[in-house]
Protein chains: 2
Amino acid sequence: MTENAPHRVETSRKTIRVLDALREHGSSSVTFLARELEMNKSTVHNHLSTLEAEKFVVRDGTDYELSLRLLGFGGYVQHRHPLYQVAKREVHRLASQTGELANLMVEEYGQGVYLASEQGERAVDLDIYPGLRRPLHAIGLGKAILAHLSPERVDDIIDEHGLPAETDQTITDRAELDAQLATVRDRGYAVDNEELIRGLRCVGAPIIAKDGTVLGAISVSQPVSRMNNERFTDEVPDIVQSAANVIELHANH
Amino acid sequence: MTENAPHRVETSRKTIRVLDALREHGSSSVTFLARELEMNKSTVHNHLSTLEAEKFVVRDGTDYELSLRLLGFGGYVQHRHPLYQVAKREVHRLASQTGELANLMVEEYGQGVYLASEQGERAVDLDIYPGLRRPLHAIGLGKAILAHLSPERVDDIIDEHGLPAETDQTITDRAELDAQLATVRDRGYAVDNEELIRGLRCVGAPIIAKDGTVLGAISVSQPVSRMNNERFTDEVPDIVQSAANVIELHANH
DNA sequence: ACAGCTGTTCTACTCGATGGAACAAACTAT
DNA sequence: ATAGTTTGTTCCATCGAGTAGAACAGCTGT
């Protein structure tokens, strides 16, 4: 038992570690996972057998991989999420209206989680999928959310996750971040300028509930080549903000 | 240890049972789950603490519910699924072209699993989401798949799952099913006529790989009121089949 | 104030997860 | 072919850890 941790089930943590490893490495064999996780071969085998019996993994010959049963859990969580239900259509509309990539994000455990991601006709292909987690400070979506969390909450989050640099444009200075968050609050939307991925610009608007708490954020991402400064500072922000407003109306019944 | 089951990790099964219960009942308290699962209160508490530490569940005051971390696994599984990658755009196109509900299904463990589900402008709202499982025999999508599995495989599946009646239109007779599957093979698409849900018609076409194995099926569902017999037997099948053909082309590189 | 709920903590017991060795099956290389 | 290496799987004894039950604390309503 580590430190002051209460009574935890160590065995189940091992099972979760196996699942995590399968997600990180894709289809894997018993011995590979045993080496990777520094667990005994027979232990890994037992856990995989259990997961297979429970249909959480499928075996492809000698390798195991995550099964669609996990999609059942994931789809369920997404489907029943209150913000997803009201925002789904707007994300869709935003993607087809702009032809670009539209995303919906919420905060959980101090990280940004994509709740929905929809590609328009000419959208960039970014390997973004629902459930993917990204640091909040490095993307427009995340800054839109951070700007409307309580200062204590922002402190906690940065204490836990820091301000890692994703590209050379990422904000890594706390004062700089605070300044940007103030700007976001003023003008109502956030941007990121190749902060997570080089060549990509993104405009995000917060979704605020009637009691003032931030529910999430919605954004449009497009290559710098297709977003000149005018679109970047005028047109796109308007579109994204009005989508956020529509969602706010639905969210507040 | 039950029967001839090899060495399984019983503790992890309990954790999985907790997750299942949370999915079935939604947000739940410790004592509720303990009663439901016939486990000791403290045992449930330990498992939930573990799941919370691993961020698989979030607590909302005294209740626990499934977290977005599960969406991470689910989204990953969906995103990396080979059929999803090639079929995604066609499902999208089918939904906007018809304005109705378009679905993509694959078979896993003898059940039909929705891989994608997209609503067009006037589509019915069916509580279908990616990862949801349905019996193969009761839906057009499922019959499109069954028709192209090997006879032994079909036998195995029916041995395991039977032919439960979802509505009074569901096929529950094996001979009747075989006859329908033969028809599906002949004309290239499958239908269901209020077999899963009353008032809903569905046309599904199989997606076949170049080696003859069935990869999945794609469908359009709409209310009987909007699908007269002509559309049901001519127009819609054509649209769905051509979408399936496009996917087959992409799947075969 | 008291009874009846919760969730949580503690502890002793014993069940079962674990790691190591032994096994079989599949491949490689000589 | 045969020997050698690597795989997945099974077996088994040990001891670590999950479990159940009781005790505690915090809350609600009458």
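Letters A, B, ... are given to chains in the order of the sequence lines, protein chains preceding strands, and every chain is numbered from 1.
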*Examine D:dG8: is either OP1 or OP2 under 4.0 Å from a nitrogen or oxygen in the side chain of A:Ser29? Give yes or no.*
yes
*Check the distance between D:dG8's P and A:Asp60's CG and give it to me in whole angstrom.*
13 Å
_Looking at A:Lys210, is its backbone amide N or carbonyl O close enough to the side chain of A:Asn252 to form a donor-acceptor pair, meaning the two atoms are under 3.5 Å apart?_
yes
*Given atom NE2 of A:His47 and atom P of D:dA17, what is their separation to the nearest angstrom?*
12 Å
*Which whole-number value in Å describes the distance from A:Lys41 NZ to D:dT5 P?*
15 Å
_Side chain of B:Thr62 only, heavy atoms from C-beta on: which candidate in C:dT9, D:dT19, C:dT6 is closest?_
C:dT6
*Taking atom C1' of C:dG7 as reference, at what distance in whole Å does atom CZ of B:Phe32 sit?*
16 Å
*Report the distance from atom CD of B:Glu10 to atom P of D:dT19, rounded to the nearest whole Å.*
10 Å
*Quick one: on DNA chain D, does A:Thr11 or A:Tyr64 contact a more 5' nucleotide (nearest heavy atom)?*
A:Tyr64
*So which nucleotide from D:dT19, C:dT8, C:dT18 ends up closest to the side chain of B:Val30?*
C:dT8
*Does a nitrogen or oxygen in the side chain of A:Thr31 sit under 4.0 Å from OP1 or OP2 of D:dG8?*
yes
*State whether A:Arg59 and A:Asp63 are salt-bridged, where the test is any N-O pair (Lys NZ or Arg NE/NH1/NH2 against Asp/Glu carboxylate O) under 4.0 Å.*
no
*Residue A:Val9, side-chain heavy atoms: nucleotide from C:dA17, D:dG21, D:dG18 that is nearest*: D:dG18
*Quick one: is C:dA17 close enough that its OP1 or OP2 comes under 4.0 Å of any side-chain N or O from B:Arg13?*
no
*Give a yes/no on whether any side-chain N or O of B:Ser49 is located under 4.0 angstrom from OP1 or OP2 of C:dT8.*
no
*Check whether any side-chain nitrogen or oxygen of A:His45 sits under 4.0 Å from OP1 or OP2 of D:dT9, and answer yes or no.*
yes
*Crowded around A:His79 NE2? As in, over 12 foreign heavy atoms under 6.0 Å?*
yes
*Any N or O donor-acceptor pair linking the side chain of A:Thr43 to the base of C:dA17 at under 3.5 Å?*
no
*Roughly how many Å is it from CZ in B:Arg35 to P in C:dC5, rounded to a whole number?*
9 Å
*Do A:Gln119 and B:Arg89 have a side chain donor and acceptor closer than 3.5 Å?*
yes
_Once rounded to the nearest 0.5 Å, what's the spacing between atom CD of B:Glu90 and atom CD of B:Glu118?_
12.0 Å
*Write down the distance between CG (B:Asn40) and P (C:dT8), rounded to a whole number of angstrom.*
14 Å
*Starting at atom CG of A:Leu33, determine the distance to atom P of D:dT7, rounded to an integer number of angstrom.*
12 Å
